[in-house]
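In this text the structure is predicted, and so the values were computed from the model without any measurement.
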Amino acid sequence: MNLFSVLLITLPTAFLIASVFLSVRSVRRGTKTKAAFLRQLASFVVVCLVVLAVPFVAQAADTADTAAAAETAATASDMTAGLGMLAAALAVGIAGIGGGIAVAGAAPAAIGATSEDPKAFGKAIIFVALGEGIALYGLLIAILILQKF
């Protein structure tokens, strides 16, 4: 592993750890939690964009060199597989978060409705299952994406 690879791994991680530390410190000093959260989210987005952009720039620089055309073809297929894995992970992750948000709202309401009227259990559980279905759809999409590689 060369120095550039080590820097590509450690710098984004160090930046995210430092931003979490600074956010916690600013909240303890009196900054509103919403502002600290938005700053933390913005720093995460910036790190994600940089981490995704650097390999594309490196690949573009390699493509400009005609002597390394065979090597860049292998790199491009590796990058395609990597981006496919990233897409599958995002499908599962975002669908899981959405399903969790849906179940977090529907499950307490279903429990409350069931405690007031036990006959409402069948109707209430359907809404909880619909929320869980969102996560299953994300998993299904991820499986379909991974079948392409």
Side-chain angles (χ1 to χ4, degrees), residues 1-65 68 71-116 121 123-149:
M1 241 180 171
N2 59 11
L3 181 63
F4 185 69
S5 298
V6 172
L7 285 177
L8 281 179
I9 294 170
T10 57
L11 283 180
T13 307
F15 181 75
L16 286 177
I17 291 171
S19 68
V20 168
F21 174 73
L22 292 174
S23 293
V24 169
R25 193 173 86 182
S26 67
V27 168
R28 286 186 183 162
R29 290 187 178 178
T31 305
K32 295 190 182 246
T33 25
K34 186 174 182 179
F37 173 74
L38 290 176
R39 252 187 276 131
Q40 184 69 30
L41 187 63
S43 67
F44 176 74
V45 168
V46 167
V47 167
C48 286
L49 289 176
V50 167
V51 168
L52 287 175
V54 167
F56 286 122
V57 171
Q59 182 183 5
D62 285 345
T63 306
D65 186 16
E71 183 180 329
T72 55
T75 305
S77 68
D78 290 343
M79 184 171 286
T80 304
L83 288 175
M85 299 285 184
L86 181 65
L90 284 174
V92 171
I94 292 172
I97 289 171
I101 291 171
V103 170
I111 292 170
T114 304
S115 67
E116 290 179 12
F121 177 75
K123 294 177 186 174
I125 201 70
I126 291 172
F127 292 108
V128 177
L130 287 173
E132 292 175 1
I134 295 170
L136 290 175
Y137 290 140
L139 182 63
L140 178 66
I141 295 298
I143 289 171
L144 291 174
I145 290 171
L146 292 176
Q147 291 299 316
K148 295 288 182 181
F149 299 104

(request) Measure the CZ-CG distance between F21 and L16 for me, rounded to the nearest 0.5 Å. (result) 15.0 Å
(message) Give me the atom names and distance for the closest heavy-atom approach of A110 to A124.
(response) CB-CB, 3.5 Å
(request) Look only at the side chain of S26 and the backbone of T31, and say whether a donor-acceptor pair between them is shorter than 3.5 Å. (result) no
(request) List for me each residue that meets side-chain contact (heavy atoms from CB on, under 4.5 Å) alongside L22, sequence neighbours excluded, and say none if there are none. (result) R25
(message) As an exercise, state the distance from OG1 of T33 to CG of L38, rounded to the nearest 0.5 Å.
(response) 10.0 Å
(message) Going by the rule side-chain contact (heavy atoms from CB on, under 4.5 Å), which residues pair with L86 if we only count those two or more places apart in sequence or in a different chain?
(response) L52, L83, L90
(request) Not counting sequence neighbours, which residues clear side-chain contact (heavy atoms from CB on, under 4.5 Å) with Y137? List them please. (result) none
(message) Within the structure provided, determine whether I101 and I97 are in side-chain contact (heavy-atom separation under 4.5 Å).
(response) yes
(request) Kindly compute the distance separating CD1 (I145) from CE (M85), expressed to the nearest 0.5 Å. (result) 11.0 Å
(request) Over all heavy atoms of both residues, which pair between S115 and G112 is shortest? Give the atoms and the distance, please. (result) OG-O, 2.8 Å
(message) Which heavy atom of G131 sits nearest to which heavy atom of V103, and what is that distance?
(response) C-CG2, 4.0 Å
(request) Looking only at non-hydrogen atoms, find the nearest pair between S19 and Q40 and report the distance. (result) O-OE1, 3.1 Å
(message) Nearest 0.5 angstrom please: L136 CG to I141 CD1, how far?
(response) 12.0 Å
(message) Restricting to non-hydrogen atoms, name the atom on S23 and the atom on A36 that form the minimum distance, rounded to 0.1 Å.
(response) OG-O, 3.9 Å
(message) On a heavy-atom basis, which atom in G138 and which in V92 lie closest, and how many Å separate them?
(response) O-CG2, 3.9 Å
